[in-house]
*Asks:* 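Got a structure here, written out as structure tokens. Questions coming.
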Amino acid sequence: MTRLSEYLLPTEKQAPADAEAISHKLMVRAGLIRQMGAGIWTWLPAGWRVHERAVSIIRQEMEAIGAQEMLMPVLQPAEPWRRTGRIAIEELFKLRDRKDAELVLAMTHEEAVTSHVAQIVRSYRDLPLILYHFQVKERDEPRPRAGVLRTREFVMKDSYSFDRDEQGLAERYELHVRAYDRIMDRSGLRWYRVEADVGVMGGLGAHEYMAPCPAGENEVALAGSYAANVEVASAQPQPVPSLEHAEAPQSVQTPGLTSVAEVAGALGVPEGALLKAYPVVVQEGDPAARTQDADRPGAQEDRPDRGEPAQPRERLVLVLLRGDHRVNEVKLAAALRARSRPAQPEEIAAQIGPPGFVGPVGLDGRVEVLLDQAVSEGCYVTGANERDLHLRGVRPGRDFQFRSVDVRAVCEGDTVAGVPVTIEPAIEVANIFKLGLRYSQPLGASYLDERGQERPIWMGSYGIGPARIAAAAVEQYADEHGISWPRALSPFAVHLVALGKDGTPERQAAEEVYEQLLAAGVQALYDDRDASPGEKFADAELIGCPLRLTVGKRSLTSGEIEVQLRRGRSDAAGLPLAGGPGELAQAVDALWRTLP
RNA sequence: CGGGGAGUGGCGCAGUCUGGUAGCGCACCCGGCUGGGGGCCGGGCGGUCGCAGGUUCGAAUCCUGUCUCCCCGACCA
């Protein structure tokens, strides 16, 4: 029973003043969500219907690959989190009960599911296994933002696979790839499956499902069939004209010129002819170190380092890359296999040279030099490690030793297999991760094989956020009038607008149409309010159901229900007002199938 | 954590500089008109001005402290 006169669907003309993202503004305006605190949101009835549409698609596809639904608690004892080392994660909410026992609010459920599997699964006969649930996740995000896009509490479908070996894990992973591909397609989103960062400790593989949209927090590098998170993307750089060959580096005066742009300008060379120095302090063995992925179901933090926390060892490293390129921190972390921070000016001055004039020549191995692999053979300009001096004609390999790494951020115009790279912002709506033994080992999840040999269980984890699917759909398809749902996510199939006052013949006709739709099981939102036509139409477009039916005086004379498609706001052929039983519903259904 | 901004009725805002009866639009309630694109007229309800303390005859306004929210960045799914 969804008569707008009785349904809680509080539309607003004006968006909240502090809203920035399209989905934030529109989902609030359309009465789908309301805020309770920073990153804490309520789903109102119509919004929850959208959420549950996404949930239902996900559930169907999970069942289709043989996954078994269950439910694990959000409130958990801290102990398993201590075992896996994830107790150290700052985003993890920690609390104590009245007996002063330590508890946490789960941010994902590896600890829970693995603890259970460790107790229950004994034999290779119990494997493989895919378990999943839809459950609230709690994360003390440093900066929630953009409505429902990044929140501190949200529902996630997380599934976990358990296999006897790496091969089995690969199979379970592939099943999830196919299920997730189908979920994305069915939800109606534009999406990419991209290569993802596997973390400092090096995972076995990870992908993210990205929905491109303006409010996206991630960036995706695209080139033909290539798609990767810019955090891990690699590409061919655009070439730069090389400097003339020099037998040896020569000093050049560069008084006060400390930036790449200044030096290149003064010497009359392209920025790419310089080698930019980026001194970093590597924090090896830092127990607090962890990957970028701490909040994913596939999170792969630093090894727990049970027992005494290791002392972090700090070591200065000089990273060199082409002057027109930028360091990618995630790739740098991967190359170093450790956390790092930019070096302080005092540290640079003490161990290399005056900041702004730093270079690789003459370090004699005192400081390790990492050279980005985008730097091709040839001569370059570098800092001279003396105030107001640079060196021209520096040749890597001849004038300094280095280790080659890939730490450069790809940029637009790079190429992959000859195709230029474009970079798009995108929302990460899902991710899948080969965990390997990351959780099974600390939590003791093992099985006995055919020969009675105890072996660790190979795990994968797979997360997907229904709220982000909803928000991404709003972002991708909204126009100046409001939301335009893909039919798979729309809170209602049909938005029926009744014109005319209560008691008029046209209103009576609308009532009958509504009854017919209801009887046929068509999910309809019926606007029976005593409001002006303009208001009703504006609300219909704001709410964004793909199909709008209008019954007014005109319908009585023409004998037709007017039909308008939300996408493109185009009119479709009318439907007969007085058809036989079920005829209307059938016609609506037929039309529905043609919608995006 | 760094930078910036904002808390005044359900939403959007003015008033704060220069202390003196809390105001506007929308929404809401009542009555009437209108009835195919947020319509019109009349009458209403609703606010401890985020919170605490201070200054003052008097504080939304000045001072101190504090809480909350938003944006950018850092960080992070």
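Bear in mind that the values here come from a model prediction, so they are computed numbers and not experimental data. We name chains A, B, ... by the order of the sequence lines, and we start the count at 1 in each one.
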*Asks:* Would you mind pulling out the nucleotide paired to rG58(B), Watson-Crick or G-U wobble, both distances under 3.5 Å?
*Replies:*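 Per the H-bond distance test, none.
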*Asks:* Decide, yes or no, whether a salt bridge links Arg3(A) with Glu511(A) under the criterion of side-chain N to carboxylate O below 4.0 Å.
*Replies:*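 The answer is yes: the pair qualifies as a salt bridge.
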*Asks:* What I want to find out is whether Arg548(A) reaches Glu541(A) closely enough, with some N-O distance under 4.0 Å, to be called a salt bridge.
*Replies:*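 Salt bridge between Arg548(A) and Glu541(A), a charged N being under 4.0 Å from a carboxylate O: yes.
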*Asks:* Over all strands shown, is Gly500(A) touching base, sugar-phosphate only, or nothing at heavy-atom distances under 4.0 angstrom?
*Replies:*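 Gly500(A): no heavy atom of the nucleic acid under 4.0 Å.
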*Asks:* On a whole-Å scale, what distance lies between the P atoms belonging to rG9(B) and rG47(B)?
*Replies:*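 11 Å, rounded to whole Å.
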*Asks:* What nucleotide among rG39(B), rC69(B), rG36(B) has an atom nearest to a side-chain atom of Glu562(A)?
*Replies:*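 Comparing rG39(B), rC69(B), rG36(B) against the side chain of Glu562(A), the answer is rG36(B).
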*Asks:* Checking all strands, does Gln35(A) fall into the base, sugar-phosphate, or nothing category for heavy-atom contacts under 4.0 angstrom?
*Replies:*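 Gln35(A): backbone/sugar contact only, no base atoms under 4.0 Å.
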*Asks:* Does rC24(B) have a Watson-Crick or wobble partner in any strand here, with both distances under 3.5 angstrom, and which is it?
*Replies:*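 Per the H-bond distance test, rG12(B).
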*Asks:* Once you apply a heavy-atom cut-off of 4.0 Å, does Ala538(A) come out as touching a base, just sugar-phosphate, or nothing?
*Replies:*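 Base: the residue Ala538(A), judged by heavy atoms under 4.0 Å, touches a nucleobase.
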*Asks:* Starting from the 5' end of RNA chain B, give me the residue, Ala21(A) or Leu149(A), whose nearest nucleotide shows up first.
*Replies:*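 Whichever sits nearer the 5' end wins; that is Ala21(A).
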*Asks:* Tell me if the side-chain of Arg145(A) makes a donor-acceptor pair with the base of rG73(B), cut-off 3.5 Å, by modelled atom types.
*Replies:*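 Such a pair does not exist between side chain and base.
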*Asks:* Please identify each residue that fulfils side chain to side chain donor-acceptor pair (under 3.5 Å) with Trp485(A), with sequence neighbours left out.
*Replies:*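 Listed in chain order: nothing, the list is empty.
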*Asks:* Check every strand shown and say whether Asp530(A) touches a base, only sugar-phosphate, or nothing at a heavy-atom separation below 4.0 Å.
*Replies:*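 Base contact - Asp530(A) has a heavy atom under 4.0 Å of at least one base atom.
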*Asks:* Could you run down nucleotides 1-12 of chain B 5' to 3' and tag each one B, S or - for protein heavy-atom contact under 4.0 Å?
*Replies:* ----------BS
*Asks:* With sequence neighbours excluded, what pairs up with His325(A) under the ring-ring contact (aromatic ring centres under 6.0 Å, His included) test?
*Replies:*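 Partners of His325(A) by the ring-ring contact (aromatic ring centres under 6.0 Å, His included) criterion come out as none, since no residue qualifies.
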*Asks:* Quick test: give all pairs of protein nitrogen or oxygen and nucleotides 27-32 of chain B nitrogen or oxygen below 3.5 Å, distance rounded to 0.1 Å.
*Replies:*
none

*Asks:* Indicate yes or no: does Asp158(A) engage Lys137(A) in a salt bridge with an N to O separation below 4.0 Å.
*Replies:*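 Yes, charged N to carboxylate O under 4.0 Å.
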*Asks:* Between Glu111(A) and Arg86(A), does at least one N-O distance fall below 4.0 Å, as a salt bridge requires?
*Replies:*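 Yes, this pair counts.
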*Asks:* Could you tell me which nucleotide pairs with rA6(B) by Watson-Crick or G-U wobble geometry, both distances under 3.5 Å, or answer none if nothing does?
*Replies:*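 Because both required distances fall under 3.5 Å, rA6(B) counts as paired with rU68(B).
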*Asks:* With sugar-phosphate meaning primed atoms plus P, OP1 and OP2, does Ala430(A) contact a base, only sugar-phosphate, or nothing at under 4.0 Å between heavy atoms?
*Replies:*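 Answer is nothing: Ala430(A) stays at 4.0 Å or more from every strand.
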*Asks:* For Arg29(A) and Ile427(A), take the nucleotide of RNA chain B holding the closest heavy atom to each; which residue's nucleotide lies nearer the 5' end?
*Replies:*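 Final value for this comparison: Arg29(A).
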*Asks:* Not counting sequence neighbours, list each pair that qualifies as a salt bridge (Lys or Arg N to Asp or Glu O under 4.0 Å) and has a residue in residues 182-193 of chain A.
*Replies:*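 For residues 182-193 of chain A: Glu61(A)-Arg182(A), Glu61(A)-Arg186(A), Asp181(A)-Arg193(A), Arg190(A)-Glu424(A).
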*Asks:* In terms of side-chain geometry, is the basic nitrogen of Asp324(A) or Lys276(A) positioned less than 4.0 Å from the acidic oxygen of its partner?
*Replies:*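 No.
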*Asks:* Describe, in one word, how the ring planes of Trp48(A) and His51(A) are oriented to each other, choosing from parallel (under 30°), tilted (30 to 60°) and perpendicular (over 60°).
*Replies:*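 Correct class here is parallel.
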*Asks:* Test of understanding: with salt bridge (Lys or Arg N to Asp or Glu O under 4.0 Å), list the residues that count as partners of Lys25(A), not counting sequence neighbours.
*Replies:*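 For Lys25(A), no residue satisfies salt bridge (Lys or Arg N to Asp or Glu O under 4.0 Å) once neighbours in sequence are set aside.
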*Asks:* Just call it for Arg548(A): base, sugar-phosphate, or nothing, with non-hydrogen atoms closer than 4.0 Å on any strand.
*Replies:*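 Base contact.
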*Asks:* With sugar-phosphate meaning primed atoms plus P, OP1 and OP2, does Lys137(A) contact a base, only sugar-phosphate, or nothing at under 4.0 Å between heavy atoms?
*Replies:*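 Since no nucleic acid heavy atom lies under 4.0 Å of Lys137(A), the category is nothing.
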*Asks:* Quick one: which of rG36(B), rC69(B), rC71(B) gets closest to the side chain of Ala38(A)?
*Replies:*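 In terms of side-chain proximity for Ala38(A), the closest of rG36(B), rC69(B), rC71(B) is rC69(B).
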